[in-house]
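These notes concern the structure reproduced below.
All values reported here derive from a predicted model rather than from experimental measurement. Each residue takes its place number in the sequence, starting with 1.
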Amino acid sequence: MLLQLTDSHLMYDPQARLHGVNTDACLRAVLDLARREQARPDLMLLTGDLAQDGSAAAYQRLRQHLQDADHPIRCLPGNHDSAPELRRQLAAWSQPVHDLPGWRVILLDSTVPGQDFGHIGPAQFDFLEHALREAQSRHVLVALHHNLARVEGAAHDALMVDNAAAVFARLSDHPQARVALWGHIHQAFDCRHHHLRMLGAPSTCFQFTLDEGRHAIDPQAPGYRWLKLYADGSIATGVSRLDAGTWAALRGDAAPADIAA
């Protein structure tokens, strides 16, 4: 079992609120849910925007939230993270390749310093090619922060990977690449591109949607994505969310509000 948690947006101040919710409290609630439902996953992936402000304190607190985990954890940066600080504070989780029985998980850094859109640069393409070739007979899951596919009508489409076609071209040469998953979009997403299953996940705090063409906060509860990876390269996957009562308590009296795209 593989779990994906994403876009926790922790901040220097553990009591700070973002779009009406305390992101620390939301992450703790989602982790508690995951622990109840998936006692010991084979791997937990944290797919970026772990911190809203890139502060050392945020990453240290994330490490504390997971200090009792008895399973492997891997993480990658998002556009709100400080990639160097993330790697300093979470060095043990930052290795970009993790092998599971029959599968290889490859983590790509799609961030561009000072920008919100994503891009896969030459060094990451070289790394991806090497990791794919070294996978040999293993099936491959590629994880990154920014979305490779357009999410219909979503404001984050302008902030997706700007050279996604080049990524698809590279992956098309390696049919063992079965899954690409990402964070960034703060919503569940599931579609196919030829042999590749493409997946997005809800944030562990607030969700995004469109309301009459405006980018807004979705009232859906936070959650995580789970994946079962099978020996034949197929997968089973779904999203699990906090129950309505827990989510209402975390929101308090805050109402969802429109936000800038």
Using modelled atom types only, decide if a donor and an acceptor are shared between the side chain of [X] and the backbone of [Y] within a distance under 3.5 Å.
X	Y	result
Gln4	Trp182	yes
Asn22	Pro14	yes
Arg87	Ser94	no
His145	Thr47	yes
Gln136	Arg133	no
Asp70	Arg40	no
Gln176	Leu132	yes
Asp81	Ala83	no
Thr23	His9	yes
Arg61	Met11	yes

Under a 4.5 Å side-chain heavy-atom rule over Ile, Leu, Val, Met, Phe, Trp and Tyr, are [X] and [Y] clustered together?
X	Y	result
Leu43	Leu181	yes
Leu148	Ile185	yes
Leu196	Leu144	yes
Tyr59	Leu107	no
Met44	Leu62	yes

Supply the atom-to-atom distance [X] [atom1] to [Y] [atom2], rounded to the nearest 0.5 angstrom.
X	Y	atom1	atom2	result
Arg197	Arg178	CZ	CZ	12.0 Å
His146	Leu108	NE2	CG	12.5 Å
Thr111	His184	OG1	NE2	11.0 Å
Leu90	Leu50	CG	CG	7.0 Å
Cys75	Leu5	SG	CG	12.0 Å
Ser110	Met160	OG	CE	11.0 Å

Return the minimal non-hydrogen interatomic distance between [X] and [Y], and the atom names on each side.
X	Y	answer
Pro41	His71	O-CB, 3.2 Å
Val21	Cys26	CB-SG, 3.9 Å
Ser8	Thr204	CA-OG1, 3.2 Å
Ala201	Thr6	O-CG2, 4.0 Å
Gly54	Glu85	O-CG, 3.7 Å

Compare all side-chain heavy atoms of [X] with those of [Y] and state whether any distance is below 4.5 angstrom.
X	Y	value
Cys205	Leu18	no
Arg74	Leu2	no
Phe206	Asp7	no
Asn79	Leu159	no
Leu141	Leu45	yes
Arg104	Val97	yes
Arg63	Trp93	yes
Arg138	Asp99	yes

_All ring pair (Phe, Tyr, Trp, His ring centres under 6.0 Å) counterparts of His139, not counting sequence neighbours_ = Trp103
Can you tell me if [X] and [Y] form a side-chain donor-acceptor pair at under 3.5 Å?
X	Y	answer
Gln187	Gln207	no
His174	Glu129	yes
His65	Asp24	yes

Atom pairs and distances, donor-acceptor, side-chain atoms in residues 163-171, under 3.5 Å, two or more places apart:
{"residue": "Asn163", "atom": "OD1", "partner": "Ile120", "partner atom": "N", "Å": "3.1"}
{"residue": "Asn163", "atom": "ND2", "partner": "Ile120", "partner atom": "O", "Å": "2.8"}
{"residue": "Arg170", "atom": "NH1", "partner": "Phe125", "partner atom": "O", "Å": "3.2"}

*Whether over 12 other heavy atoms sit under 6.0 Å from His130 NE2*: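 Atom NE2 in His130 is not packed in, count stays at 12 or less.
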Sequence neighbours left out, cut at 3.5 Å: what donor-acceptor pairs do the side chains of residues 231-250 make with other protein atoms?
{"residue": "Asp232", "atom": "OD1", "partner": "Ser234", "partner atom": "N", "Å": "3.0"}
{"residue": "Asp232", "atom": "OD1", "partner": "Ser234", "partner atom": "OG", "Å": "2.6"}
{"residue": "Thr237", "atom": "OG1", "partner": "Arg225", "partner atom": "NH1", "Å": "3.0"}
{"residue": "Thr237", "atom": "OG1", "partner": "Trp226", "partner atom": "O", "Å": "2.6"}
{"residue": "Ser240", "atom": "OG", "partner": "Glu37", "partner atom": "OE1", "Å": "2.6"}
{"residue": "Ser240", "atom": "OG", "partner": "Glu37", "partner atom": "OE2", "Å": "3.1"}
{"residue": "Arg241", "atom": "NE", "partner": "Gln220", "partner atom": "OE1", "Å": "3.4"}
{"residue": "Arg241", "atom": "NH1", "partner": "Ala221", "partner atom": "O", "Å": "2.7"}
{"residue": "Asp243", "atom": "OD1", "partner": "Gly245", "partner atom": "N", "Å": "3.0"}
{"residue": "Asp243", "atom": "OD1", "partner": "Thr246", "partner atom": "N", "Å": "2.9"}
{"residue": "Asp243", "atom": "OD1", "partner": "Thr246", "partner atom": "OG1", "Å": "3.2"}
{"residue": "Asp243", "atom": "OD2", "partner": "Thr246", "partner atom": "OG1", "Å": "3.0"}
{"residue": "Trp247", "atom": "NE1", "partner": "Pro219", "partner atom": "O", "Å": "2.8"}

